[in-house]
Amino acid sequence: EKSLAIKRIKGLGGAGFYKAYLGEGNAIYVNDELYSETDFITFVSNIPNYLIMEYLESAGLPAAIYPKTSNSIRVIYGKHEGKLYNIGNFIKFGNAGSGYVDNLTGGGITCPVDGRGVFSFGYKKEKGVMVQINEHPDTKVPLGGQLECWEEIIQMAMSVMERLPQLSYCGFDFVISGKGIKLLEINDMSGLITVQKHRPLLQNREDNFYLKRIEKKYGCKQSKRKGN
């Protein structure tokens, strides 16, 4: 209620993201930097092609692990000939080095989440290499647990896919907030590095979203060999 998210209409990896909020005595801060009212108005006026919206504060298990960022949950769905495929899921956490951004490419942490809403470890980039970690580097809280309201999250994503038939591939970002589950945004080019790192995308070749799409587009049957 006293915080705003200011982000680019088009962007990747959390680049160009700002959190504006009111501090003690209604002082205005943007990414923890103090602004006068005049400077803030000038700042907002000079950033074209941006969205300004409510900043979603994290709650529940994600906030217990790291409370400073929204800790969004990415749920990726594909649709082929009316059938929905849950391609992968992961939760993102910020840290001291990422500021208010939780994206892996922005310095954040990403944790694969299974079909039950459970995660047990995460990845962080160090010198360009994804390194597995088991606890948050700042809070030292274990990266693991059962995400609240998981069935509600999945049902919400599936409902959007079913109601909008033109959508065939979407990465949904959800936030567990103090006001319940919030759908933050829908991405049409969701990154797959976390999913692929944890589980090869072509591991299941019998009924695979990507192979089905390739077969339809190019008319070629894929072999049923094991592997990725």
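Starting from 1, each residue takes its place in the sequence as its number. In this text, all values refer to a predicted model and were calculated from it rather than measured experimentally.
- At a threshold of 4.5 Å between non-hydrogen side-chain atoms, the residues Phe40 and Leu34 do not count as touching.
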Practice task
Output, in order, the C-alpha distance, side-chain angles, deciding distance and verdict of ring pair (Phe, Tyr, Trp, His ring centres under 6.0 Å) for Tyr21 and Tyr29.
Solution key: CA-CA 5 Å; Tyr21 60 94; Tyr29 291 86; 5.4 Å; yes
Exercise for the section: Take Asp207 and Asn204 through the test side-chain hydrogen bond (donor to acceptor under 3.5 Å, both in side chains) and record every step on the way to the result. Expected result: CA-CA 7 Å; Asp207 189 21; Asn204 171 23; 5.9 Å; no
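- Distance CD1/Ile9 to CG/Leu51: 5.0 Å, rounded to 0.5 Å.
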Problem - Derivation and outcome, side-chain contact (heavy atoms from CB on, under 4.5 Å), residues Phe93 and Cys111 - result: CA-CA 8 Å; Phe93 294 97; Cys111 306; 3.9 Å; yes
Exercise for the section: Could you please spell out the steps behind the side-chain hydrogen bond (donor to acceptor under 3.5 Å, both in side chains) verdict for Ser58 and Asn71? Expected result: CA-CA 6 Å; Ser58 182; Asn71 307 323; 3.2 Å; yes
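- Note that CG of Leu143 is 12.5 Å distant from OH of Tyr66, once rounded to the nearest 0.5 Å.
- Across Asn134 and Ser120, no two heavy atoms sit closer than the pair OD1-O, 4.4 Å.
- Distance alone, capped at 3.5 Å, is enough to place a donor-acceptor pair between the Lys79 side chain and the Leu167 backbone.
- Remark: the backbone N or O of Tyr123 is not paired with any side-chain donor or acceptor of Gln132 at under 3.5 angstrom.
- Residue Leu164 holds its CG atom at 10.5 Å from CD of Glu162, rounded to the nearest 0.5 Å.
- In terms of modelled atom types and a separation under 3.5 Å, the side chain of Trp150 and the main chain of Gly115 share a donor-acceptor contact.
- Val175 and Ile109 are members of different hydrophobic clusters when ILVMFWY side chains are connected at heavy-atom separations under 4.5 Å.
- Remark: Lys19 qualifies as a cation-pi partner of Tyr55 under the 6.0 Å distance and 45° angle criteria applied to the six-membered ring.
- The nearest pair of heavy atoms linking Val75 to Ala157 is CG1-CB, 4.3 Å.
- Other residues, nucleotides and ligands place no more than 12 heavy atoms under 6.0 Å from the CD atom of Glu24.
- The shortest side-chain heavy-atom distance between Ile28 and Leu22 falls under the 4.5 Å cut-off.
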Practice task
Before giving the answer on side-chain contact (heavy atoms from CB on, under 4.5 Å), spell out for Ile186 and Asp173 the whole-Å C-alpha distance, their side-chain angles and the decisive distance to 0.1 Å.
Solution key: CA-CA 6 Å; Ile186 304 175; Asp173 276 348; over 6 Å; no
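- A side-chain donor-acceptor contact under 3.5 Å links Ser98 to the backbone of Asn95.
- Looking at Phe174 and Leu184, their side chains never come closer than 4.5 Å, going by heavy atoms from C-beta outward.
- Interatomic distance, Thr110 OG1 to Leu104 CG, rounded to the nearest 0.5 Å: 6.0 Å.
- The minimum heavy-atom distance between Thr139 and Ile65, with the atom names listed, is OG1-O, 2.7 Å.
- Taken to the nearest 0.5 Å, the CZ atom of Arg213 stands 10.5 Å off from the OH atom of Tyr85.
- Taking hydrophobic clusters as Ile, Leu, Val, Met, Phe, Trp and Tyr residues chained together by side-chain heavy-atom distances below 4.5 Å, Leu4 does not share a cluster with Leu56.
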Problem - Worked check of side-chain contact (heavy atoms from CB on, under 4.5 Å) between Lys125 and Val129 - result: CA-CA 5 Å; Lys125 276 192 174 181; Val129 178; over 6 Å; no
Exercise for the section: Step by step, work out the side-chain hydrogen bond (donor to acceptor under 3.5 Å, both in side chains) result for Asp102 and Ser72. Expected result: CA-CA 7 Å; Asp102 56 20; Ser72 55; 3.2 Å; yes
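- Using a 4.5 Å heavy-atom threshold, the side chains of Val113 and Phe119 count as touching.
- The side chain to side chain contact (heavy atoms under 4.5 Å, CB included) check on Tyr50 picks up Ile6, Arg8, Tyr18, Ile47, with sequence neighbours excluded.
- Counting only heavy atoms from C-beta outward, the side chains of Met53 and Lys7 approach each other to under 4.5 Å.
- Rounded to the nearest 0.5 Å, atoms CD1 (Ile87) and CG (Leu192) are 7.0 Å apart.
- Leu147 has its side chain out of reach of Ile153: every pair of non-hydrogen atoms, C-beta onward, lies at least 4.5 Å apart.
- Under the 4.5 Å side-chain heavy-atom criterion for ILVMFWY residues, no single connected hydrophobic cluster contains both Val195 and Ile91.
- Formation of a donor-acceptor pair under 3.5 Å by the Thr69 side chain with backbone atoms of Gly94 is found in this model.
- Nearest heavy-atom pair, Glu135 versus Lys140, reported as atom, atom and distance to 0.1 Å: OE2-CD, 3.3 Å.
- Side chain of Glu57 to main chain of Gly178: no donor-acceptor pair is present (N/O by atom type, distance under 3.5 Å, no hydrogens or angles).
- Taking the centre and axis of the six-membered ring of Tyr100, the NZ or CZ atom of Lys68 falls inside the cone set by 45° and 6.0 Å.
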Exercise for the section: Could you check Ser190 against Phe172 for side-chain contact (heavy atoms from CB on, under 4.5 Å), going step by step and ending with a plain yes or no? Expected result: CA-CA 9 Å; Ser190 179; Phe172 298 87; over 6 Å; no
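- Not a single donor-acceptor pair under 3.5 Å links the side chain of Asn103 to the backbone N or O of Gly106.
- When every heavy atom of Asn89 is checked against every heavy atom of Asn86, the shortest pair comes out as OD1-ND2, 3.0 Å.
- Ser159 places no side-chain N or O within 3.5 Å of a backbone atom of Gln155 that could act as its donor or acceptor partner.
- Without hydrogens or angle criteria, Asn187 side chain to Gly171 main chain gives a donor-acceptor distance under 3.5 Å.
- In terms of heavy atoms, Lys92 sits closest to Arg74 at NZ-NH2, 3.3 Å.
- At a threshold of 4.5 Å between non-hydrogen side-chain atoms, the residues Arg163 and Val160 do not count as touching.
- Counting heavy atoms from C-beta on, the side chains of Tyr210 and Leu202 come closer than 4.5 Å.
- Hydrophobic clustering (side-chain heavy atoms under 4.5 Å, transitive across Ile, Leu, Val, Met, Phe, Trp, Tyr) groups Met161 together with Ile181.
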Problem - ring pair (Phe, Tyr, Trp, His ring centres under 6.0 Å) assessment of Phe209 paired with His80 - result: CA-CA 7 Å; Phe209 169 74; His80 179 72; 7.0 Å; no
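- Salt-bridge annotation for Glu54 and Lys179: present, with a side-chain N of the basic residue lying under 4.0 Å from a carboxylate O of the acidic one.
- Under the 4.5 Å side-chain heavy-atom criterion for Ile, Leu, Val, Met, Phe, Trp and Tyr, Ile73 and Leu183 are members of the same hydrophobic cluster.
- For Phe43 and Tyr35, the ring centers sit closer than 6.0 Å to each other.
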